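Below is one structure, written out as structure tokens, with a few remarks after it.
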Amino acid sequence: MTREVRVRTPGKVNLQLGVGPVRDDGYHPLATIFQAVELYEVVSARPRTDDRITLEVELASGLVVAPGSIPLGETNLAWRAARAVALAYGITDGIDLHLYKSVPVAGGMAGGSADAAAALVACAEAWEVGATRAELDDIAATLGADVPFALHGHTAVGLGRGDALSPAMTRGEFHWVFATQATGLSTPAVFDQFDRMTSDAHRPEPSAAVMAALASGNPRALGAAISNDLEAAALALAPQLADTLSAAREADALGAIVSGSGPTIAALGRSRAHSLAIAAHLRASGTCAAAFTASGPAAGATVLPT
Ligand code: C5P
């Protein structure tokens, strides 16, 4: 009997996204501080007796997804993660993958990267390849710059392409609100727009103010310190996001920024109750497709009981 393995991975928000000038390989040097939030993708994997890799996608209720925005088959990052594990360990069996998605699609919260990270761990467990964590980290980095963080979770500084991680000290819980849009933004398009708009980009450094706010568990200081160098580029491509940011500020969010490459807006509340009030205000403002709360930090890839 083949066993099914279920793995959960978190979405993320970038508390800082410092972006330097584009490199020859098309990537940008980053100084970013990721925080994983309690909004999860769950990937189930069940080995097959033939060599096919199959993929099914299920959406959590309330997740608004533009038609055609989830790649299916061989272009999906979870499919590619399964293939990468098979190649790395000489596995010739196939696998059935089932994705349960709660993280906004093409939203700047690394949902696709979380799928890839969960599929990596689920396939490695289901095929019993005996992978070490370091080996999975290496495969993760070949799949995308945000995939290693989805494995890692918690709060971390990311240098290089964002995939050279070191853990960040944090105290307590932070109460986030995420406001999504009906249409996603393409990450490469936002970076290209950044290049067009920015002639003076220099190599970024991790923010001492964000690190100090995290270490002291001070949401007010964190709200004042969060920043995103891609925000102007995302706003140029999706100008309506300015209204979503204003709505979050009207509700006294401690800080509000574009999450990653957008278009999701992340707003920080003083408490769980305040984050629920910000979400309600955002919904009533009519400036977003959906608004929901999630706290951070959250654990990285976790094998769930079956
Ligand atoms: O690594 P991943 O496939 O997730 O990256 C998607 C795109 O985002 C890249 O092709 C690149 O255009 C952009 N990117 C970047 N610099 C980074 C990370 C991503 O320019 N550090």
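All values reported here derive from a predicted model rather than from experimental measurement. The chain is numbered in sequence order, starting from 1. Note that these values count all heavy atoms, side chains included, but never hydrogens, waters or copies made by symmetry. Start at 1 and go down the list; that is how both ligands and their atoms are numbered.
- Residue-level proximity to ligand 1 for Phe191 is carried by the side chain, the only part with a heavy atom below 4.0 angstrom.
- Proximity of Gly26 to ligand 1 is established by a heavy-atom distance of less than 4.0 Å.
- Annotation: atom 20 (O) of ligand 1 to nearest protein heavy atom, His28 ND1, 2.6 Å.
- Closest to atom 7 (C) of ligand 1, if we only count protein heavy atoms, is Pro188 CG, 4.0 Å.
- A salt bridge does not link Asp96 to Arg46: none of the charged side-chain nitrogens sits closer than 4.0 Å to a carboxylate oxygen.
- Protein heavy atom closest to atom 4 (O) of ligand 1, with residue, atom name and distance, is Ala145 N, 3.8 Å.
- In this structure, the protein non-hydrogen atom closest to atom 17 (C) of ligand 1 is Tyr27 CD2, 3.3 Å.
- Below 30°, between 30° and 60°, or above 60°: for His152 and Phe149 the angle between ring planes is below 30°, a parallel geometry.
- Aromatic ring orientation, Phe292 versus Phe178: tilted (interplanar angle from 30° to 60°).
- Without hydrogens or angle criteria, Ser259 side chain to Gly108 main chain gives a donor-acceptor distance under 3.5 Å.
- Residue-ligand proximity, Thr187 to ligand 1, at heavy-atom distances under 4.0 Å covers atoms 8 (O).
- Heavy-atom neighbours of Arg83 CZ from other residues, nucleotides or ligands within 6.0 Å: at or below the threshold of 12.
- Of the charged side-chain nitrogens involved, at least one lies within less than 4.0 Å of a carboxylate oxygen, so that Arg3 and Glu128 count as a salt-bridged pair.
- Heavy-atom proximity to Arg161, at under 4.0 Å, picks out these atoms of ligand 1: 17 (C), 18 (C), 21 (N).
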